[in-house]
Trainee: 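Submitted below is the structure of interest, expressed as structure tokens.
Heavy atoms only: backbone and side chains are in, while hydrogens, waters and symmetry mates are out. These numbers come from a predicted model, not from an experiment. Just so we're on the same page: letters track the sequence lines, and every chain starts at 1.
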Amino acid sequence: MSSTELRELAESVFADAYDRDAVGFDTGLWKTCEQTGLARLTLPEAAGGSEGTLSDAAALLEAAGAHAARVPLAETDLLGGWLAHAAGLPVPDGALVAVAGDLDMASDGTVSGTLTRVPWGRAVSAVVVLTGDRVVVLAPSALTVHEGANVAEEPRDTLVASGATPLAAGDAPAGAADELALRAALGRSLLLAGAARGALARSIGYAGERVQFGRPIGKFQAVQQQLAEAGSEVAAASAASAAAARTAADRGFADDATAFAVAAAKSRCGASATSVARIAHQVHGAIGFTREHDLRLVTTRLWAWRDEDGNDSHWNGVVGTRALDAGPDGLWPLITGTP
Amino acid sequence: MSDTLTALPALVPDPVELPGHLADLRAQVREFLADERAAGSWTPGADVWLSGWDEEFSKRLGARGWLGMTIPTEYGGHGRTALDRYVVTEELLAAGAPVAAHWVADRQIGPSLMRFGTEEQRRKFLPGIARGEVYFGIGMSEPDSGSDLASVRTRADRVDGGWEMTGTKVWTSGAHHAHAFFALVRTAPKDDSNRHAGLSQLLVELDRPGITVRPIPLLTGAHHFNEVVFDHVFIPDEMVFGEIGSGWAQVTGELAFERSGPERFLSTFPLLASLVGELGRAAGTDAGTRREIGALVSRLWTLRRMSLAVAGALESGAAPELAAALVKDLGTRYENEIVDASRLLVEIAPDPGAEPGFARLLADAVQHAPGFTLRGGTNEVLRGIVARGMGLR
């Protein structure tokens, strides 16, 4: 499938599933994603995947963000499926998530401990946990689930294991902790870029319809200048997240250039999220600030996602450390990725 | 909902990874620049594409084959891609090298001559441009025409064998050194129902009788800008550029090309590198400072990837005007962000008389900053273009 076809498929699948009033896991949409191969886009065929590239995943996740799709695509494909497969474990069916956490492992193989704010914890068929140098796969049915949510009303649950028997366990692949963090940040960046586009598109649509002083508010230069600024922020988020995905696709996550690109992208997307959400709400006026309007579906995601998987400040610290370590003569080679 | 999403055009082209062979080219340019700096041929500066006029340096670049790179070899160029040129250009700008002399000719005039020029014009100018020996200015703005470019009043009247040009152009960088410039002139009376009609471009050699070049010093007193006055200057038919009456379309096409290059976000990069050096010398740089540097560097990395994406799209024949305007709006504001952060993160006052280093780069950058968001179309005008491109207006 070409990237254009993939993008069109993703857009149409998410548009069909769009329901402004629904919350929680979208079972129907998930089924469609599984049937179309979108659910495990980058996983190898042996793990039930479609063997797509990270650039394919970029197109998919960006579209998911734009349409506020209520399915754990990044969590299943980029995180849970990847970690289980990389640890040499069978990849469970259904929706997945992976988290890093501290679990106590008993000699009989059972595990105990608490995993906080697990994305979609209540809805997935398995949680893949990186704990120390081990990977364990847990079924939520073996855990106590304390439901929680982010500001976008997406499940962020606390899962408690008390002597739970894993579905599978194995050694973690080398560099798993770093790669898991980078994959999560990359997935989140792509979703942010999509949600930012969704907020901008809604704002432009609204500015063309809402009439004040006898003309659509989009005819006023003050509003145009604000929306153009939002446009530049959306473009920056798209460019950064897509470029990071491309670098990861070409060089792999172990490459320093990928680590730098993902860190810079998550930072940039977080900053864009803040600007775009602010401008979108300002343009929408009071109605956008209500439950009646669906602008909230994307702006609340911008607010939630900018702080998940490392906020701007966290990744700025990573980039800043790399830059200061590089020094005045190494800064430019760091930015170009060519030492 | 999906209607509003599909109504919004793509804001940025797909990402580009530079082809592997360009790593060799980049390494060659870096080696050349290291040798130049070791020899002390010039001092790295801020805003070098306006202020770093060094004809000998331009000729050395020409001798290396790094000017007129995209011009076909039959016209003295090197037949390489726009991405090849991008790599050379960004390396030169990042190093703060003096690129002003050849800047306009290499960036703009070469490609424009290939698009619109006659065979005779190409043969006349392109080989010298590629050697780094022929320099150009741009004659667009006038005392009463800035953002409203279509209101230009410099006119050219039909005479035997050519056109007679009268009027005044301003803010023409380097006209006191340049051999020629491109002028946007009115060749037919203004038609209020179609303001963009009746405009044409002329190639004006600046040694023609009737031309007066006067300096317009910058606020620092430095001489880069000029006023160029034309008093019944004869321009032969051979120097009409493109089609009479098509000036507006030609000029706006050029603007799209010049908006998204690395010079739109690297004008103050040498200051950022120097800032990193200053901070590195202070033991135990704190977390807040690291984050501020990280934010600046993340934005720069993003701008470069955006700009490269546009360059890749241009190379494949697309005309991503909207994305180009977005790069310029974000990038030129970013050039100012470096200045703001530099003065707050390090307690060193800008000093134009200091030895080369942070204080002097900061002074250059502070004093040149107003120009960043003005040249090539003000950010407010660009945002109008963006708004229209996104479906507003």
Trainee: Taking 4.0 angstrom as the limit, do B/Asp14 and A/Arg7 come out as a salt bridge?
Mentor: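 Salt bridge between B/Asp14 and A/Arg7, a charged N being under 4.0 Å from a carboxylate O: yes.
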Trainee: Among A/Glu229, A/His314, A/Gln224, A/Arg322, which has the most heavy-atom pairs under 4.5 Å with chain B?
Mentor: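 Heavy-atom pairs under 4.5 Å are most numerous for A/Gln224.
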Trainee: Given that the side chain runs from C-beta out, which part of A/Ala261 has a heavy atom under 4.5 Å from chain B: side chain, backbone, both or neither?
Mentor: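 A/Ala261 touches chain B through backbone and side-chain heavy atoms alike.
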Trainee: Given a strict heavy-atom distance threshold of 4.5 Å, which part of B/Leu22 is in contact with chain A: side chain, backbone, both, or neither?
Mentor: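 When you check distances to chain A, no heavy atom of B/Leu22 falls under 4.5 Å.
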Trainee: Can you tell me if B/Arg343 has over 12 outside heavy atoms packed within less than 6.0 Å of its CZ?
Mentor: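 Counting other residues, nucleotides and ligands, CZ of B/Arg343 stays at 12 neighbours or fewer.
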Trainee: Heavy-atom pairs under 4.5 Å with chain A - which of B/Glu292, B/Glu278, B/Met306 has more of them than the others?
Mentor: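 If we count pairs closer than 4.5 Å to chain A, B/Met306 comes out on top.
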Trainee: Using heavy-atom distances under 4.5 Å, tell me whether A/Ser55 contacts chain B through its side chain, its backbone, both, or neither.
Mentor: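 Answer is neither: A/Ser55 stays 4.5 Å or more from chain B.
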Trainee: How long is the straight-line distance from CG of B/Asp329 back to CD of A/Glu233, given to the nearest 0.5 Å?
Mentor: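 A/Glu233 atom CD to B/Asp329 atom CG measures 9.5 Å (nearest 0.5 Å).
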Trainee: Tell me, with the steps shown, if A/Arg202 and B/Thr4 meet side chain to side chain donor-acceptor pair (under 3.5 Å).
Mentor: CA-CA 6 Å; A/Arg202 284 168 170 82; B/Thr4 56; 5.9 Å; no
Trainee: For A/Arg268 and B/Thr302, test the side chains for any donor-to-acceptor distance below 3.5 angstrom and give the result as yes or no.
Mentor: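 The criterion, which ignores hydrogens and geometry beyond distance, is not satisfied for B/Thr302 and A/Arg268.
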Trainee: Where do B/Trp301 and A/Ala243 come nearest, in terms of heavy atoms and distance?
Mentor: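 Answer, listing the atom of B/Trp301 first, then A/Ala243: CH2-CB, 4.0 Å.
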Trainee: If we define contacts as heavy-atom pairs under 4.5 Å, which of A/Leu334, A/Leu331, A/Asp329, A/Leu200 has the most with chain B?
Mentor: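 Ranked by heavy-atom pairs under 4.5 Å with chain B, first place is A/Leu331.
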Trainee: Checking B/Ala295 against chain A: side chain, backbone, both or neither under 4.5 Å from a heavy atom?
Mentor: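 For B/Ala295, the contact with chain A is made by backbone and side chain together.
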Trainee: Which region of A/Thr336, side chain (C-beta onward) or backbone (N, CA, C, O), has a non-hydrogen atom less than 4.5 Å from a non-hydrogen atom of chain B, or is it both or neither?
Mentor: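 When you check distances to chain B, atoms from both the backbone and side chain of A/Thr336 fall under 4.5 Å.
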Trainee: If you count heavy-atom pairs within less than 4.5 Å of chain B, which of A/Asp16, A/Val318, A/Thr338 leads?
Mentor: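 Of the options given, most contacts go to A/Thr338.
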Trainee: To the nearest 0.5 Å, how far apart are CG in B/Leu5 and NE2 in A/His67?
Mentor: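 NE2 of A/His67 is found 5.0 Å from CG of B/Leu5.
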Trainee: At under 4.5 Å between heavy atoms, what parts of residues 333-340 of chain B are in contact with chain A? List them by residue number.
Mentor: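 The stretch touches chain A at B/Arg333.
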Trainee: Considering only heavy atoms, which portion of A/Ala245 lies under 4.5 Å from any heavy atom of chain B: side chain, backbone, both, or neither?
Mentor: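 For A/Ala245, no heavy atom lies under 4.5 Å from chain B.
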Trainee: Quick one: what part of A/Pro333 sits under 4.5 Å from any heavy atom of chain B, side chain, backbone, both or neither?
Mentor: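 For A/Pro333, backbone and side chain are both near chain B.
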Trainee: Go through A/Ala236, A/Ser238, A/Ala58 and name the one with the most non-hydrogen pairs under 4.5 angstrom from chain B.
Mentor: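 Winner by heavy-atom pair count: A/Ala236.
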Trainee: Measuring from atom CZ of B/Arg290 to atom CG of A/Asp325, what distance do you get when rounded to the nearest 0.5 angstrom?
Mentor: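 Rounded to the nearest 0.5 Å, the CZ-CG separation comes out at 9.0 Å.
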Trainee: Taking A/Gly317, A/Ala240, A/Ala326 one by one, which has the highest count of heavy-atom pairs under 4.5 Å against chain B?
Mentor: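 Maximum pair count with chain B is reached by A/Ala240.
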Trainee: Output the distance between atom CZ (B/Arg299) and atom OG (A/Ser272), rounded to the nearest 0.5 Å.
Mentor: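 Rounded to the nearest 0.5 Å, the CZ-OG separation comes out at 7.5 Å.
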Trainee: Kindly give the heavy-atom pair with the smallest separation between B/Ile293 and A/Ala323, and that separation in Å.
Mentor: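 In this case the closest contact between B/Ile293 and A/Ala323 is CG2-CB, 3.9 Å.
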Trainee: Nearest 0.5 Å please: distance from the OG atom of B/Ser298 over to the CD1 atom of A/Ile335.
Mentor: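 Between atom OG of B/Ser298 and atom CD1 of A/Ile335 there are 9.5 Å.
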Trainee: Under 4.5 Å, counting heavy-atom pairs only, tell me which of A/Ala235, A/Ala265, A/Gly218 racks up the most with chain B.
Mentor: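 Of A/Ala235, A/Ala265, A/Gly218, A/Ala235 has the most heavy-atom pairs under 4.5 Å with chain B.
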Trainee: Evaluate the side-chain proximity of B/Arg305 to A/Thr247: yes if any heavy-atom separation is below 4.5 Å, no if none is.
Mentor: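 Contact flag for A/Thr247/B/Arg305 side chains = yes.
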Trainee: So which heavy atom on B/Val276 is nearest to which on A/Pro328, and how close?
Mentor: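 Scanning both residues completely, I find the closest heavy atoms to be CG1-N, 3.9 Å.
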Trainee: Looking at B/Leu8, B/Leu272, B/Thr289, which one has more heavy-atom pairs under 4.5 Å with chain A than the rest?
Mentor: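 The answer is B/Leu8.
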Trainee: Among side-chain atoms of A/Trp332 and B/Glu91, is any donor-acceptor pair under 3.5 angstrom?
Mentor: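 Distance-only check passes for A/Trp332 and B/Glu91.
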Trainee: Quick one: which residues of residues 374-390 of chain B reach chain A at under 4.5 angstrom, heavy atoms only?
Mentor: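 Residues of residues 374-390 of chain B touching chain A at under 4.5 Å: B/Glu380, B/Arg383, B/Gly384, B/Val386, B/Ala387, B/Met390.
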Trainee: When rounded to the nearest 0.5 angstrom, what distance separates OG in A/Ser232 from CG in B/Leu326?
Mentor: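 So the gap between those two atoms works out to 6.0 Å.
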Trainee: Could you look at A/Phe220 and say if it's the side chain, the backbone, both or neither that has a heavy atom under 4.5 Å from chain B?
Mentor: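 It is neither, since no heavy atom gets under 4.5 Å.
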